[in-house]
Amino acid sequence: MAEIRQKPQIVSEATEAQIAVHWREEEYYYPSAKFIGQANLTDPDVIERFSEKNFPECFREYADLLSWDKYWDTTLDTSDPPFWKWFVGGKINASYNCVDRHLANYKNKAALIFVPEPESEAPVAVTYRELYVRVNEFAALLRDFCGLKAGDRVTIHMPMVPELPITMLACARLGVVHSVVFGGFSGEACGTRAADSQSQVLITMDGYYRYGKLLDHKAGADIALEIAKKEGQTVDKVLVWRRHAGQNASATPFVKGRDFFVDEVLTKYKGQLVAPVPMDAEAPLFLMYTSGSTGKPKGCQHRTGGYLAYVTGTSKYIQDIHPEDVYWCMADIGWITGHSYIVYGPLALAATSVMYEGVPTYPDAGRVWRIAERLDVNIFHTSPTAIRMLRKSGHDEPDKYNYHFKHMTTVGEPIEPEVWRWYHETVGKGEAVIVDTWWQTENGGFLCSTKPALDPMKPGSAGPGMPGIYPVIIDENNQEVAAGSGKAGNICIRNPWPGIMQTIWGSHDRFVAQYYAKYCKNRNSKDWRDWPYFAADGAVLAADGYFRILGRVDDVINVAGHRLGTKEIESACLTVSEVAEAAVVPVADEIKGRVPEVYIALKPGVQPSQAIIDKVNKVIETMIGKIARPKHVHIVPDMPKTRSGKLMRRVLAALSNNMNTGDITTLANPDVVENIRELVQGKEAVALTDGPEDLKRFGTEE
Ligand code: WTA
């Protein structure tokens with residue numbers, strides 16, 4: 001790897017679209033000889049093998065890691081852009097690949113190790129044999145008790161327990177499309193997703209532990225069903241797993257003929273085997289809802305063959321997973337990271353995948369490191385938010401525990417170089433290699449990352465495009481931004497790849513509009529080169545080919561690595577009868593990166609009160625979930641608006657973050673800005689800054 005250093009640049013005459021980015025170039029860090037000695041990917045030829053001249057056939061290498069029922073005829077079919085098809089003609093079953101095929105060599109090895117939140121409960125290891133038995137029995141139940149068949153959709157609203165991957169793999173065994181809704185989302189959020197996916201079955205759990213309390217989780221199911229019904233979808237069965245055998249953590253009454261405890265029904269299916277259904281490579285495997293730039297969450301539809309190939313290949317080469325490793329990804333399975341890098345990728349490789357039920361700092365800041373020590377975890381995967389939180393609550397805690405990571409991942413948000421260095425020196429004890437993986441729900445797997453044994457690490461930068469991924473930065477004038485220019489732009493991927501989503505469930509036009517319309521060179525072209533994928537992230541490309549991700553360019557707020565749409569939160573606020581207008585902006589937070597801050601203007605004659613603020617907080621929590629809880633709710637006399645009546649979220653974001661508001665003289669009501677400033681920042685003038693790139697850009701497209 002050539003050591004070309006980029007000189008920090010300052011570009012003063014930058015336009016809004018080409019914001020100058022100046023930051024200190026960071027020093028490289030190198031993987032240890034010990035890591036390289038055991039790594040799965042040490043052959044520098046990989047770059048050549050996955051170069052454009054070998055595209056798309058290079059991805060055979062990933063697909064060949066799987067067991068196919070029928071080998072495919074066409075690696076990539078581009079006849080209907082941008083609806084790419086991968087491994088066409090192939091037949092495969094994801095459950096077979098993650099379970100059955102490991103029985104010959106690994107049946108007694110732990111597939112999953114479940115760590116309950118209460119330390120009084122011992123970890124539970126589920127062997128590959130046990131996983132096989134449980135997946136089969138539950139698949140029999142889904143097929144024979146629920147009447148589910150390939151292509152049907154099922155909504156799953158569950159916490160981090162082994163029954164969640166068991167449920168997913170049972171669906172996959174039958175070709176049933178699972179739609180997992182993050183357990184921390186509210187019943188309402190679950191209901192709208194169940195309706196959108198037309199699910200007739202909802203799978204949930206009675207309760208789970210968080211901060212030492214056993215929460216009633218099933219209560220959400222009743223709300224979800226009500227909401228789904230309002231939206232035209234009847235869910236006729238609710239399957240309820242139990243956290244403790246024979247007990248019920250939920251106080252909600254059971255509806256006869258609708259709600260069933262899974263363990264009671266399962267007695268009829270004990271020991272039953274269900275043959276895995278050979279699915280078309282292009283058959284959908286799952287839906288994962290995510291926020292985008294319109295109010296409604298989008299059901300990202302992922303295919304079976306291409307997705308599984310992509311997550312298996314990247315788990316092997318970038319996560320460096322071997323069957324003898326103990327791998328712990330701290331994400332929740334209810335997000336894409338959990339699907340790809342707790343369940344499908346690791347299990348396809350016969351790894352041992354650790355799942356933790358609860359809060360990382362419960363009951364104290366040493367919890368994570370105790371788990372790592374006890375289970376002898378050697379691969380660790382988490383987000384900058386979790387790293388910041390662990391650093392703040394227990395800076396020297398890792399020193400007290402005897403664990404050794406060979407490899408660590410950071411994902412979900414940009415990581416500050418100081419935080420990266422703590423991760424490296426203290427958590428990784430200076431021994432572990434780090435990958436900063438950039439990707440999205442839509443992408444299936446990693447898009448940018450260093451190759452752990454081949455590339456040096458650079459704190460704060462994700463690294464180059466992955467093998468077979470050709471990223472590029474394009475500006476608002478449709479010009480490619482050159483490496484090392486110091487200018488930010490929109491990061492796009494020039495080519496299709498096997499992990500890319502197939503479409504937005506039920507909304508093909510929205511799929512094209514959201515990801516391809518912006519930079520498509522020719523709508524009639526069948527050449528993939530004319531269809532760059534628009535990721536909606538700002539980024540800078542350094543001279544060494546490393547991408548540094550700046551954050552979202554649309555109206556999505558990345559809270560602790562989770563995407564929330566500002567419009568979703570605004571529509572929730574507007575359901576409070578006193579509220580006339582609502583605007584949601586991101587505000588910088590020391591731990592969570594960004595959090596929402598809410599501005600509301602009241603209807604004429606309504607007096608501001610704490611009660612209204614409470615109502616707004618409550619409605620956001622019930623319609624979306626605690627994760628969307630705003631830092632502040634400000635009641636303002638009026639919203640800053642342009643003369644044509646457009647709400648200026650950019651100005652509010654500047655006020656919330658003590659940033660310069662820029663030129664406001666063109667507003668219809670410039671005086672209101674000073675009013676709001678006093679309300680937010682207090683009477684005294686505070687020191688203003690330019691702010692970070694994503695906040696500077698927020699709302700500039702309005
Ligand atoms: C952000 C999570 C900086 C980015 C896998 C992206 C990152 C959004 C990184 C997707 C990273 C993800 N560095 N930013 N390594 N990884 N992001 O869909 O803004 O939940 O668009 O997928 O998270 O979030 P999502």
Side-chain angles (χ1 to χ4, degrees), residues 180-182 184-185 287-293 297-300 302 310-311 314-315 318-319 329-342 344-345 381-388 408-417 419-420 423 434-450 457-466 469 471 488 490-493 499-501 504 514-515 533-540 546-565 586 592-594 627-628 692-695 697-698:
V180 179
V181 177
F182 169 54
F185 271 144
L287 306 180
M288 164 69 51
Y289 283 85
T290 190
S291 298
S293 45
K298 305 173 290 199
C300 296
H302 282 283
Y310 198 68
V311 299
T314 51
S315 293
I318 304 301
Q319 295 295 289
C329 171
M330 278 218 309
D332 192 290
I333 292 175
W335 304 110
I336 192 70
T337 300
H339 274 49
S340 300
Y341 298 112
I342 297 177
Y344 286 111
H381 186 151
T382 192
S383 65
T385 290
I387 302 168
R388 288 183 211 113
M408 306 193 298
T409 302
T410 164
V411 64
E413 312 150 68
I415 185 165
E416 300 77 3
V419 177
W420 191 99
Y423 197 34
I434 296 181
V435 292
D436 179 346
T437 58
W438 170 74
W439 61 297
Q440 315 171 292
T441 304
E442 292 86 340
N443 309 153
F446 307 147
L447 292 182
C448 284
S449 168
T450 48
M457 305 157 246
K458 192 162 74 173
S461 290
M466 291 276 300
I469 302 290
N490 294 316
I491 185 165
C492 296
I493 309 297
I500 179 72
M501 68 196 278
I504 296 175
Q514 172 81 39
Y515 306 106
Y533 166 84
F534 170 68
D537 272 327
V540 189
Y546 280 35
F547 289 88
R548 177 169 171 264
I549 308 297
L550 303 171
R552 303 289 304 183
V553 298
D554 57 8
D555 43 16
V556 162
I557 305 184
N558 187 334
V559 184
H562 304 132
R563 279 160 64 177
L564 297 174
K592 295 179 179 169
R594 303 286 175 264
I627 188 169
E693 296 307 319
D694 61 319
L695 295 180
R697 294 171 154 229
F698 180 80

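Residues take their numbers from the sequence shown, with the count starting at 1. Both counts, for ligands and for their atoms, begin at 1 and track the order of listing.
- For a threshold of 3.5 Å applied to N or O pairs, the pair formed by Gly412 and ligand 1 contains at least one separation below that value.
- For Thr410, no nitrogen or oxygen atom sits less than 3.5 Å from a nitrogen or oxygen atom of ligand 1, counting backbone and side chain alike.
- Under 4.0 angstrom from ligand 1, the non-hydrogen atoms of Asn558 all belong to its side chain.
- Checked against a 3.5 angstrom limit, the closest N/O atoms of Glu442 and ligand 1 fall outside it.
- Taking a cut-off of under 4.0 Å to the non-hydrogen atoms of Pro414, the atoms of ligand 1 that pass are 3 (C), 13 (N), 14 (N).
- Counting heavy atoms closer than 4.0 Å to ligand 1, residue Thr441 contributes atoms from both its backbone and its side chain.
- With respect to Lys298 and Glu442, a salt bridge is recorded, a charged nitrogen being found less than 4.0 Å from a carboxylate O.
- Near Thr337, meaning under 4.0 Å from any of its heavy atoms, are these atoms of ligand 1: 5 (C).
- At a 4.0 Å heavy-atom cut-off, ligand 1 does not touch His562 at all.
- When heavy-atom distances to ligand 1 are checked against a 4.0 Å cut-off, Ala462 has no atom that comes that close, whether in backbone or side chain.
- Closest heavy-atom approach to atom 24 (O) of ligand 1 within the set Gln440, Arg563, Arg594, Glu413: this belongs to Arg563.
- Applying side-chain contact (heavy atoms from CB on, under 4.5 Å) to Tyr341 and the options Val411, Thr314, Thr409 leaves one that passes, Thr314.
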